[in-house]
Amino acid sequence: MSNKKEKEEEKPIVAKTAVDLQRLKLMKLMKNPDKPIVLPERPKPKNTPTVPEFVRNVMGSSAGAGSGEFHVYRHLRRKEYARQKFIQEKGYKELLDAQYHEKLEQNKKLAEEATAKKRAKRLKRKQKMKGRKKMKMNNTKTNSKENNKEDSNTEDSDSEDENNDNETQSDSNCDKESTNNINGTEMKQSKDIEVDGKENNKDESNVICKDTMNDTTSTEIKQDQENDTTNILNESTKKEVNEDE
């Protein structure tokens with residue numbers, strides 16, 4: 001039984017997907033967690049190859065040139081080509097780096113311009129909202145002032161109406177008193193027909209005095225009412241001036 005289990009464990013597991021492959025790698029790492037992981041170092045940058053030294057004992061193609069001179073020349077030529085290729089590759093990398101940094105700077109400028117535009121829009125929107133709020137506050141203030149004016153006017157009109165009612169009531173009372181006095185005098189005159197002319201003159205003078213007294217009292221009441229109305233108007237104007245300040 002143990003041999004069968006070992007054989008089953010030894011069977012290779014085929015990874016069908018990338019997930020299975022990663023699972024296998026993790027299982028392999030977790031079998032021996034104490035084993036240190038060796039991380040490869042980055043490759044060091046190549047140094048620029050040095051310029052080849054001048055070879056003075058190079059034979060020409062004429063007679064007397066040795067069989068190894070051509071190989072020396074070919075080796076020097078290969079070194080020079082490699083040096084030139086390295087210089088070209090290095091210049092190309094530097095150019096790509098410069099282009100990359102320029103693109104980064106352009107992207108930063110574009111992003112800053114976009115943020116500045118959005119910031120300006122936000123500030124304009126805020127200013128508009130503030131202006132609308134101020135307009136609403138001013139409208140509410142003006143409406144409240146108008147309502148206060150209307151209320152004061154209605155109060156003044158009510159007070160005037162009350163004064164007019166009082167005047168009419170006083171006039172009606174005076175008329176009633178005068179009519180009652182006249183009726184009383186007529187009754188007295190009808191009963192006292194036999195009284196002398198002197199007594200009749202006295203009664204008529206008394207009636208005239210009463211009428212004059214009633215007239216003076218009515219004029220005094222009117223003057224008091226007019227003074228009250230003027231005081232109310234002055235108080236309303238003072239309130240309006242204080243609210244405007």
Side-chain angles (χ1 to χ4, degrees), residues 1-140:
M1 291 294 288
S2 61
N3 293 325
K4 286 182 180 179
K5 287 181 182 179
E6 288 176 359
K7 284 180 182 179
E8 287 177 0
E9 288 177 356
E10 287 175 357
K11 282 183 181 179
I13 299 166
V14 179
K16 294 180 180 179
T17 59
V19 178
D20 294 333
L21 197 142
Q22 196 154 5
R23 190 185 293 115
L24 289 170
K25 287 180 179 179
L26 289 169
M27 286 169 69
K28 187 178 179 182
L29 286 169
M30 294 303 292
K31 279 181 181 178
N32 190 7
D34 296 330
K35 185 178 179 181
I37 298 168
V38 179
L39 294 173
E41 294 180 356
R42 286 186 177 183
K44 293 179 181 180
K46 292 180 180 178
N47 295 321
T48 53
T50 56
V51 180
E53 294 178 357
F54 187 73
V55 181
R56 297 181 180 279
N57 297 320
V58 177
M59 300 293 249
S61 60
S62 61
S67 60
E69 299 299 330
F70 174 72
H71 299 289
V72 172
Y73 165 73
R74 187 175 62 181
H75 179 64
L76 292 171
R77 186 182 64 180
R78 192 181 293 123
K79 281 178 79 174
E80 183 63 20
Y81 285 163
R83 190 176 70 83
Q84 289 178 2
K85 186 180 178 182
F86 179 78
I87 290 166
Q88 289 175 359
E89 287 177 354
K90 191 177 179 181
Y92 183 67
K93 282 181 181 179
E94 287 176 355
L95 193 143
L96 290 174
D97 289 334
Q99 288 178 356
Y100 174 71
H101 288 297
E102 285 179 0
K103 197 171 183 180
L104 284 175
E105 288 177 357
Q106 287 178 359
N107 290 331
K108 282 181 182 178
K109 285 180 182 178
L110 291 170
E112 286 175 357
E113 288 175 358
T115 50
K117 285 181 181 179
K118 289 179 181 177
R119 195 184 297 112
K121 285 182 181 179
R122 283 198 302 275
L123 292 170
K124 283 182 181 178
R125 201 180 295 119
K126 284 181 181 178
Q127 287 177 356
K128 285 181 181 178
M129 291 293 287
K130 286 180 181 178
R132 287 176 183 173
K133 285 181 180 178
K134 286 181 181 178
M135 289 289 288
K136 284 181 181 178
M137 292 291 287
N138 292 323
N139 289 325
T140 52

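The residues of the chain are indexed from 1 along the displayed sequence.
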For residues 106-121, which side-chain N or O atoms pair as donor and acceptor with protein atoms under 3.5 Å away, sequence neighbours left out?
{"unit_1": "N107", "atom_1": "ND2", "unit_2": "K103", "atom_2": "O", "d": "3.2"}
{"unit_1": "T115", "atom_1": "OG1", "unit_2": "A111", "atom_2": "O", "d": "3.0"}
{"unit_1": "T115", "atom_1": "OG1", "unit_2": "E112", "atom_2": "O", "d": "2.6"}

Side-chain donor-acceptor pairs of residues 133-140 under 3.5 Å, sequence neighbours excluded:
{"unit_1": "N138", "atom_1": "ND2", "unit_2": "K134", "atom_2": "O", "d": "3.0"}
{"unit_1": "N139", "atom_1": "ND2", "unit_2": "M135", "atom_2": "O", "d": "2.9"}
{"unit_1": "T140", "atom_1": "OG1", "unit_2": "K136", "atom_2": "O", "d": "3.1"}
{"unit_1": "T140", "atom_1": "OG1", "unit_2": "M137", "atom_2": "O", "d": "2.5"}

What pairs of donor and acceptor atoms, side-chain ones from residues 87-102 against any protein atom, are under 3.5 angstrom apart with sequence neighbours left out?
none

Residues passing the side chain to side chain contact (heavy atoms under 4.5 Å, CB included) test with A15, sequence neighbours excluded, are D20, L21, L24

Check residues 29-44 and write down every donor-acceptor pair under 3.5 Å in which the side-chain atom is one partner and the other belongs to a residue at least two apart or another chain.
none

Sequence neighbours excluded, the answer for side chain to side chain contact (heavy atoms under 4.5 Å, CB included) partners of V14 is none

Count the heavy atoms belonging to other residues, nucleotides or ligands that lie under 6.0 Å from CD of Q22, then report whether that count exceeds 12.
no

